[in-house]
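All ligand and atom numbering here is 1-based and tracks the order in the structure. These values consider heavy atoms only, across backbone and side chains, with no hydrogens, waters or symmetry-generated copies. Position 1 is the first residue of the sequence, and the numbers go up from there.
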Amino acid sequence: MLRIGLLTSGGDCQALNATMRAIVKTIIYQSKEPVEIYGFLDGYQGLIYGRYKQMTWADFSGTLTQGGTILGTSRTPFKRIDIPEEDGVEKVPAMKQTYRKLHLDCLFMLGGNGSTKTANRLREEGLNIIALPKTIDNDTWGTDMTFGFPSAIDVATTYIDEIKTTASSHGRVFVIEIMGHKVGWIPLYAGVAGGADVILLPEIPYEMDNVIEAIERRDKSGGRFAIVAVAEGAISKQEAELPKKEYKKLVAKRKYSVAYEIADEIAKRTGREVRVGIPGHTQRGGAPDAQDRIFATQCGVEAAKACLNGKFGVMVAKVQDKMTLVPLKDVAGKLKYVDPKSDLVKEARYLGISFGDE
Ligand code: F6P
């Protein structure tokens, strides 16, 4: 008997079910032994409290196109992993106990950075873990791509497209806030795909003077409207120079998100009519797009193969267009940032997109 567990952890995304479907399908088709499948509910919480359901192939049928996660998810911050739950339950021993009680051979963990840290901790504790790189943010170290990212770019791009028609009619400047607190992959890709005039990323601190100049340049060249794509974590040069603690305090004090501050400043300094648009969690919602379904399927198949071959303590990854396995201990919790010198940033600059830094 081969006994596997599945859990989805952290912020959800569109291709979680598609990934689990591929794991389960591959394991069932390829395993020489009968398979028992346990789905843990609401992420690590299910593993901690032994909340799970036994599942069959039928539970995953039809889920290729279904967004969200049929298991539910939650955030279990790694920094609190050794702090008992409010009811006194100690998380790591409890998770080990559930795993052992069910005689699991492998636990598949679909999660992003924080979740891989916990997975790595469980690996250190002797559990057989295979991680799969989930996040719309595309910020997982060790893989060129994460599932959820392609669909999120599509949502954010469509949002920009749709704003453009109304922005054009009214001759307005739109500041569009796109997900990404620490990294700016979605705003960069959606900004380029949506034809933004200015893209502000956490990795490239901006100067307001440069943003204003870019908007005025567009105005002078005959553009009736302007689109400023702003990451949730866009940061000015002055803010970037603050000690981390000070910056965190400043962010915590904000009544509204950064997009509103930037919009106010643009309105004040240009006299233009400015509006803010925030696609928010729709970027994680809906069905996975075709590219996501394919990548999710690849991840699921590779993870299942790793399990059948007894390769544990790894994360499935795509590196230079090849699927591979990377040691969990090398990638856990590391962030993959946008390189300000990357080709896409340079290409965007060539066509006149401003990143507000020069
Ligand atoms: O990590 C995914 C993500 O959607 C980020 O892009 C975003 O900053 C954050 O989660 C939002 O978190 P929550 O769903 O807890 O509001």
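Cluster annotation: Ile136 is connected to Tyr159 through the hydrophobic network of ILVMFWY side chains, with a link wherever side-chain heavy atoms come within less than 4.5 Å.
Of the N and O atoms on the side chains of Asn138 and Lys336, at least one donor lies less than 3.5 Å from an acceptor on the other residue.
Ring-plane geometry between Phe149 and Tyr189 is classed as perpendicular, the angle between the planes exceeding 60 degrees on a 0 to 90 degree scale with a lower cut at 30.
For the pair Asp105 and Arg3, the salt-bridge criterion is not met [side-chain N within less than 4.0 Å of a carboxylate O]. Ion pairing between Lys248 and Glu246 fails under the 4.0 Å rule for side-chain N and carboxylate O. Ionic pairing of Arg269 and Asp209 is present here: one or more N-O contacts between side-chain nitrogen and carboxylate oxygen are shorter than 4.0 angstrom.
Protein residues lining ligand 1, listed by chain and number: Arg75, Ile136, Asp137, Met179, Gly180, His181, Glu232, His281, Arg284 [non-hydrogen atoms, distance under 4.0 Å].
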